[in-house]
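Shown below is the structure under consideration.
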There are 2 protein chains.
Amino acid sequence: MSVAVENFIKAIYKNDKQENDTSTGNIAKKLGISNAAVTDMAKKLASRDLLFYEKYQSLELTEKGSKMALNVVRKHRLWEALLYKLFDMSLHEIHREAELLEHQTSDFLANKISSYLGNPKFDPHGDPIPNEHGDITTDDNSIPLSKTQAGKSYIISRLMSDDKEFFDFCALHGLKYGNRIMVTNQFQNNKMTQISINYNTILLNEDFTNIIYVNEIN
Amino acid sequence: MSVAVENFIKAIYKNDKQENDTSTGNIAKKLGISNAAVTDMAKKLASRDLLFYEKYQSLELTEKGSKMALNVVRKHRLWEALLYKLFDMSLHEIHREAELLEHQTSDFLANKISSYLGNPKFDPHGDPIPNEHGDITTDDNSIPLSKTQAGKSYIISRLMSDDKEFFDFCALHGLKYGNRIMVTNQFQNNKMTQISINYNTILLNEDFTNIIYVNEIN
DNA sequence: ATAATTTTTTAAGCTAACTTAAATTTTATT
DNA sequence: AATAAAATTTAAGTTAGCTTAAAAAATTAT
């Protein structure tokens, strides 16, 4: 399968998981290509049974398409986990490299990486790593920081972003997968969240508290 | 630079190092594409200052082209070294994977891999790994097994091949980079070489003794 | 409900990297 | 040296993956 097809399928998969507006325009924006190119590709992939396509309707992956997306996502996240473990690289850097490597990785090599890492279920962002059959572990107890309560302690379970600025901010303040924080205050109907981490207090706004997920410590 | 261009440049570089017949036909055969495609590409790359091209003449890389080839070769061999170290993979398997990964590796990541491995000068085949400036270490004492003398001991310094059968044979008999062997006999003007390794005696013909390089132990 | 706006599709065209077939040049043979 | 054979180039054509511009459909606003 070509890089273009894999990225196309992946974009639909990821979009679907989050926003639920899998319109051609939206996918075009994500991929940085024209709407016309998306329509074209959608038709081709529909004929290959990778997605359902009806004129003017939003795109949806078939079972086969989903499997393919999960396979690419698996490789992406395994690479992130490997690079993070071996080298001194930031969350943004591992993402950038994985974005390319994911398309040039045999299933054989993916399994080697996975087994070397002890078949991890999550990558360094806290994103779940599908297994080789496409099964994915969901952490149902995970909630965004914006939904937490003042006075409670949590473990960071996911940093859901691709953005360098965000990752730089996280690295600077120790906001890292697995780290412990305490929510000290919620302001303005949870639009602002004050947390304590490593003996420091920081104030986060919605933009960040919606993409930082945590698990309550009990 | 595209994968096609990188592979093209690399093929010329490698061909030049060995056979010295860098004709369009030869490159076409190596790359598995038509002669016409090679002529086409040669013209394009000449206009990009990556190689010298004169109708009906053999191809030659410019300084810029050589640098590019060395950069790809560097990434290839670093990947081989990393995969070999981390995972239980054969020489043929690491080559196969590196063949794809080499084109999707930033200089930044290549340097990370290199430094993780302690900036090795040779990969698991004994092939030299260029440094980030394109400098390459040549082992001048290295000679093919076909040029060795009966009764002397040697260290295997290079297995110069891409061939699975050959690598399988080597793995089976312990013919591995860094391993010690003793040449017990040379027959028929060095067309057949008998060696002793791991208390076993094996007989090798020219096909193999020309691509297995060794260093004399003194 | 109709008009205005936005989104999506269609149509036509481009480029990289190939192909095959024919023409040309080089190399080998006698 | 002439000719046959082999290698190389030229010419024309293909496909994937894009583009822009226009036409058509869907959505939104009044």
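In what follows, chains carry the letters A, B, and so on, assigned in the order in which the sequence lines appear, proteins first and then strands, with residues in each chain numbered from 1.
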- Task: Can you tell me the distance, in whole Å, between the CG atom of B/L59 and the P atom of D/dA7?
- Result: 16 Å
- Whole-Å distance between C/dT8 C1' and A/K29 NZ?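 These atoms are roughly 14 Å apart.
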- In plain terms, say whether A/E99 and A/K10 are close enough for a salt bridge, that is, a side-chain N and a carboxylate O under 4.0 Å apart. yes
- Note on the structure: note: B/E6, atom CD; C/dA17, atom P; distance rounded to Å ~ 11 Å
- Message: Rounded to whole Å, how long is the line connecting atom CD1 of B/I27 with atom P of D/dT9?
- Response: 12 Å
- Query: B/Y56 OH to D/dT9 P: how many Å, rounded?
  - Reply: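 These atoms are roughly 6 Å apart.
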- Got a sec, which residues hit side-chain hydrogen bond (donor to acceptor under 3.5 Å, both in side chains) with B/T209, two or more places apart in sequence or on another chain? none
- How long is the line joining CG of B/L31 and P of C/dT19, in whole Å?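 Distance check: B/L31 CG to C/dT19 P gives 10 Å.
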- Task: For nucleotides 10-20 of chain D, just jot down a letter per nucleotide in 5' to 3' order: B, S or -, based on protein non-hydrogen atoms under 4.0 Å.
- Result: BB----SSBBB
- Message: Any carboxylate oxygen within less than 4.0 angstrom of a Lys/Arg side-chain nitrogen, looking at B/D168 and B/K164?
- Response: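 Looking at B/K164 together with B/D168, the answer is yes, because their closest N to O distance falls below 4.0 Å.
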- Item | B/D139/B/R158 salt bridge by N-O under 4.0 Å criterion | no
- Item | Any side-chain heavy-atom pair of A/N7 and A/H103 under 4.5 Å | yes
- Task: Ignoring backbone atoms, establish whether A/T24 has a side-chain N or O less than 4.0 Å from OP1 or OP2 of C/dT9.
- Result: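 Yes, such a contact exists.
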- Task: Rounded off to whole Å, could you give me the CG-to-P distance for the B/D21 and D/dA6 pair?
- Result: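 Rounded to whole Å, this separation is 16 Å.
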- Centroid-to-centroid, B/F167 to B/H125, below 6.0 Å? yes
